[in-house]
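Below you'll find the structure, written out as structure tokens, and then a few comments.
Quick note: numbers below take in every heavy atom, side chains included, and nothing from hydrogens, waters or symmetry partners. We name chains A, B, ... by the order of the sequence lines, and we start the count at 1 in each one. As the structure is a computational prediction, the values presented were derived from the model and not from experiment.
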Protein chains: 2
Amino acid sequence: MARASTTSDAFNAVAEPRRREILTYLAGVERPVGEIVAALGLEQPSVSKHLRVLRDVGLVRMRCQGRQKLYRTNAEAIRPLHEWTATFERYWQHQLHHVKARAEAMARGVAADPHTSDPNLKEKA
Amino acid sequence: MARASTTSDAFNAVAEPRRREILTYLAGVERPVGEIVAALGLEQPSVSKHLRVLRDVGLVRMRCQGRQKLYRTNAEAIRPLHEWTATFERYWQHQLHHVKARAEAMARGVAADPHTSDPNLKEKA
DNA sequence: TTGACATATTCCGATATAGGAATGTATTGT
DNA sequence: ACAATACATTCCTATATCGGAATATGTCAA
């Protein structure tokens, strides 16, 4: 099996840096393709292809106006990513406490074992 | 050019669903490979390969204990993703307001233009 | 109608997977 | 030393890109 399609979900679509740039650029504003090309310095076909991917997973919305097509980021579609990452928030807070505790222990001259973080540790001493 | 390496950054590493499952499973707890295999129902080599990718981008930490290797999610490495998605938070709040406003307008019997959301809109009336 | 303008799509080639099977490596127990 | 246990790595194949070049599609203007 190969890697999953970029259009399979928002996680895959957002893995590409240029697509993240586009999403950031189109956050809260509607812009025609030409301006995205100019602003980000990419080739026009490249931008169109990225927009196609983003549209397929619902990360951008499109609307026609004359001969141009206006795109805008659909922030709602980013929410699931935000919520998934948020489930780890309490753990990085924990880790900060550990780092802080270790730093303080070091400052007090106590030899800090690199794995004191795990209370279940039972290596034969 | 092909797609960027899964080890190029956390965004690419996290694009794979199984790797997200592993990260969730290892959040806040240290577990040997065998338990990950059993818990997620994947093949052992597959888990090892995913762990390798996660380790290369710093998403998991590893420690040896006898013949087993204990892995644990390094939540800090997920933080950049959380922060990137957080930059869109205000926009999905905006969108909710718009949806709400449109719904209320509809309730009042006002014809709601689908694109009144953009105040800069100057279509020839 | 003809042409210019704005985007989209197709074709191409190089590369990076992800899974399955088989094999390699390190550590423990007898 | 030898077998068993716990993981990691390699080899193989099918597939999905991503960028660049060329081309197609659709809309407006004269």
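Val57(A) has its side chain out of reach of Asp9(A): every pair of non-hydrogen atoms, C-beta onward, lies at least 4.5 Å apart.
Regarding Arg31(A), its CZ atom lies at a distance of 13 Å from the P atom of dT7(C), rounded to whole Å. For Gln65(A) and dC5(C), the CD to P distance is 19 Å, given to the nearest whole Å. One interatomic measurement links the two molecules: CZ of Arg20(B) to P of dA18(C), which rounds to 12 Å at whole-angstrom precision. The distance between atom CG of Asn12(B) and atom P of dA16(D), rounded to the nearest whole Å, is 17 Å. The CG-P distance, from Leu40(A) to dG19(D), rounds to 12 Å in whole Å. To the nearest angstrom, P of dT17(C) lies 10 Å from CG of Asp56(B).
Minimum interatomic distance between Gln44(B) and Val37(B) (heavy atoms only, all atoms of both residues): CA-CG2, 3.7 Å. Scanning all heavy atoms of the two residues, the minimum distance from Ile78(A) to Trp92(B) falls at C-CZ3, 4.3 Å. Smallest separation of non-hydrogen atoms from Ala77(A) and Leu59(A): CB-CD2, 3.7 Å.
Applying the salt bridge (Lys or Arg N to Asp or Glu O under 4.0 Å) rule to Glu43(A) yields no partners; only residues at least two apart in sequence or on another chain are considered.
For residues 9-49 of chain B, every residue pair satisfying the ring pair (Phe, Tyr, Trp, His ring centres under 6.0 Å) rule, not counting sequence neighbours, is listed here: Phe11(B)-Trp84(B).
A sub-4.0 Å separation between OP1 or OP2 of dA8(C) and a side-chain N or O of Arg55(A) is absent. The phosphate of dT17(D) has OP1 or OP2 within less than 4.0 Å of a side-chain N or O from Thr6(A).
When each of Glu43(B) and Thr7(B) is assigned the nucleotide of DNA chain C bearing its nearest heavy atom, the one mapping closer to the 5' terminus is Thr7(B).
Within the nucleic acid shown, Arg19(A) comes within 4.0 Å of sugar-phosphate atoms alone, with no base atom in reach, counting heavy atoms only.
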Exercise. Could you run down nucleotides 6-15 of chain D 5' to 3' and tag each one B, S or - for protein heavy-atom contact under 4.0 Å?
Worked result: SBBBB----B
